[in-house]
Amino acid sequence: MGNELIRIEHLSKVFNGSAGRIVALDDINLSIERGDIFGIIGLSGAGKSTLVRCMNLLEMPTQGKVVFDGKNLIDMPQRELLTTRQSIGMIFQDFNLMAQRSAFKNVCYPMEVARVPKEKARARALELLDLVGLSDRVKSYPSQLSGGQKQRVAIARALAMDPKVLLCDEATSALDPNTTRQILELLRRINKELGVTIVVITHEMKVIETICNRVAVIDQSHIVEEGLVRDVFIHPQSRIARQLILPQQEGGPVAFSDSNCLRIVFDGYSSYEPVISNLALECRAAVNILYANTRNVDGKAMGQMLLQLPQDETTVERVKQWLKDHKITFKEETLNVYATNGD
Amino acid sequence: MFTQRMVIEMLTGIKDTLYMTLFSTFLAYIFGLPIGVLLCVTDKNGLRPCRPVNLVLGTVVNLIRSVPFIILLITVLPFTHWLLGTTLGATATVVPLVICAAPYIGRMVEGALKEVPAGVIEAARSMGTSDFKIIIKTLIPEAKPSLINGCVITVTTILGYTAMAGYVGGGGLGSIAINYGYYRYNTPVMMVTVLLMVVIVQLFQMIGSFIEKKTDKRIR
């Protein structure tokens, strides 16, 4: 069976609604390996939520195959599909907890459905609530919990049947940045300690950078780019990926003139040196910092900076040569990529 | 005016009214609950969309609901006679009451079940829950407060209908109000029976609201 857990082949999904025929997904091919934290990123309406719903057949694909753990879900008889879904945990943007059940009872739900003996289910639920850090809120009802706590309960519930994979559909989109970080940290721990493969759907590059090792960029029903997060981050191929990596902040970075821009990508080594100061001094180039962001990605300092260079061609060449000499990754950019808002 | 006999009549009336109301509600739910579940499940956004079933059932429900109760009461007299051998008394009134209330309850239940957020049902499906178990373990429990609220409205409506049944010899407080109060121009008797009805409705509403609040975990 190899190391592959989920394989999606030539998957298409067409909706025939009142608004006419809508192609949500078109010929999608993906392979997710065991132990991956696989990110799927795209703008809203790109089809990413439909894609993740196809992975457990909450949404029936119009065409194609969804192979989970070596078996095509689409050919599966209903009963077997229901059992298989127990090994595919899922969490949602709106948490989707049952409002009339306590946190404990919510976690018990999948085990009740699967007829796990009561005592065993009880012990497992308490263990899971402890794992997600909610052992003191066992008896609380969802209305008494904060957003982050609700998502923790949802995670505990999704883990109850020891799933092989956890699908996260915009799981942090309704949470504040601080809570988002904690939830992502928890997901990473679950991946490391329990060996659960995780699929993360999001529209925030930050989420991908924080926990994913691989990423697929989806745009207008197609996967436009796929690879290691590091590679996509440093050398984004598609327009949409570049747009997502350099976020739009109130209309995006401001261009003062039509001059050249360079995007410098830092990896762990270079970010600790005063790169820009050195560059400015040694090249005698007055650079303008349009955008800068550094953070901890996968345990290494990672970041990027968008520099506006002087008009003068020889200075530009000098700066590029200096960057090459110092082994700093950079990419030439034209600003209008950032100035327009995609769709 | 209020002889001892009258008082005994009144007490029997209360007993009969309560019996008719509660027993009809109970029986009507046996039919109404599945109707409501079926209407909700076969809806185009339901668990198992099925337009023909939804359409036929919905039409039948609407048909019965659009017949005025007093007409229904008289129309089903032959059926009641065939079923029970009589058309008089409290038990005989239960038959038209159930026929009238079941579709009403069906719509009530349908509405309550549709209030359950689609996301919660999706979460249940993602955990490998079969459609039947989703109904039993998610839809109905999650809709419980709304179902209880609907039940209280149903009970009070049926209570009002039992009074109407007094017109065709149905028994209960309604009969007393008509036979002693209305036909014999005994206004005090009529006032007292109406007052008793008001008190019973209030009691039901209070008990129902209390249970609804007590069981709903959403508001804290």
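Below, chain A is the first sequence line, B the second, and so on; all start at residue 1.
- With a 4.5 Å cut-off on non-hydrogen atoms, B:Ala124 touches chain A through its backbone and its side chain both.
- For the pair A:Lys13 and A:Phe15, the cation-pi test (distance below 6.0 Å, angle within 45°) is passed.
- Only the backbone of A:Leu97 comes within less than 4.5 Å of a heavy atom of chain B; no side-chain atom from C-beta onward does.
- In this structure, a donor-acceptor pair under 3.5 Å is absent between the side chains of B:Tyr161 and B:Thr93.
- Annotation: side-chain contact (heavy atoms from CB on, under 4.5 Å) contacts of A:Arg79 (sequence neighbours excluded): none.
- A:Met111 and A:Arg124 get closest at one heavy-atom pair: SD-CG, 3.7 Å.
- Chain B forms the most heavy-atom pairs under 4.5 Å with one residue out of A:Glu112, A:Met98, A:Met90, A:Arg157, and that residue is A:Met98.
- Looking at A:Leu57, only its backbone comes within 4.5 Å of chain B, counting heavy atoms on both sides.
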- Evaluation steps, salt bridge (charged side-chain N to carboxylate O under 4.0 Å, His left out), between B:Arg125 and B:Glu122: CA-CA 5 Å; B:Arg125 287 180 63 208; B:Glu122 190 170 51; 5.6 Å; no
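- In terms of heavy-atom pairs under 4.5 angstrom with chain A, the leader among B:Gly119, B:Gly128, B:Pro117, B:Pro145 is B:Gly128.
- Looking at A:Ile88, only its backbone comes within 4.5 Å of chain B, counting heavy atoms on both sides.
- Neither the backbone nor the side chain of A:Asp94 comes within contact range of chain B; no heavy atom of the residue lies under 4.5 Å from a heavy atom of that chain.
- For B:Pro141, the part sitting under 4.5 Å from any heavy atom of chain A is the backbone (N, CA, C, O) and nothing else.
- Nearest heavy-atom pair across A:Leu25 and A:Gly47 is CD2-O, 3.3 Å.
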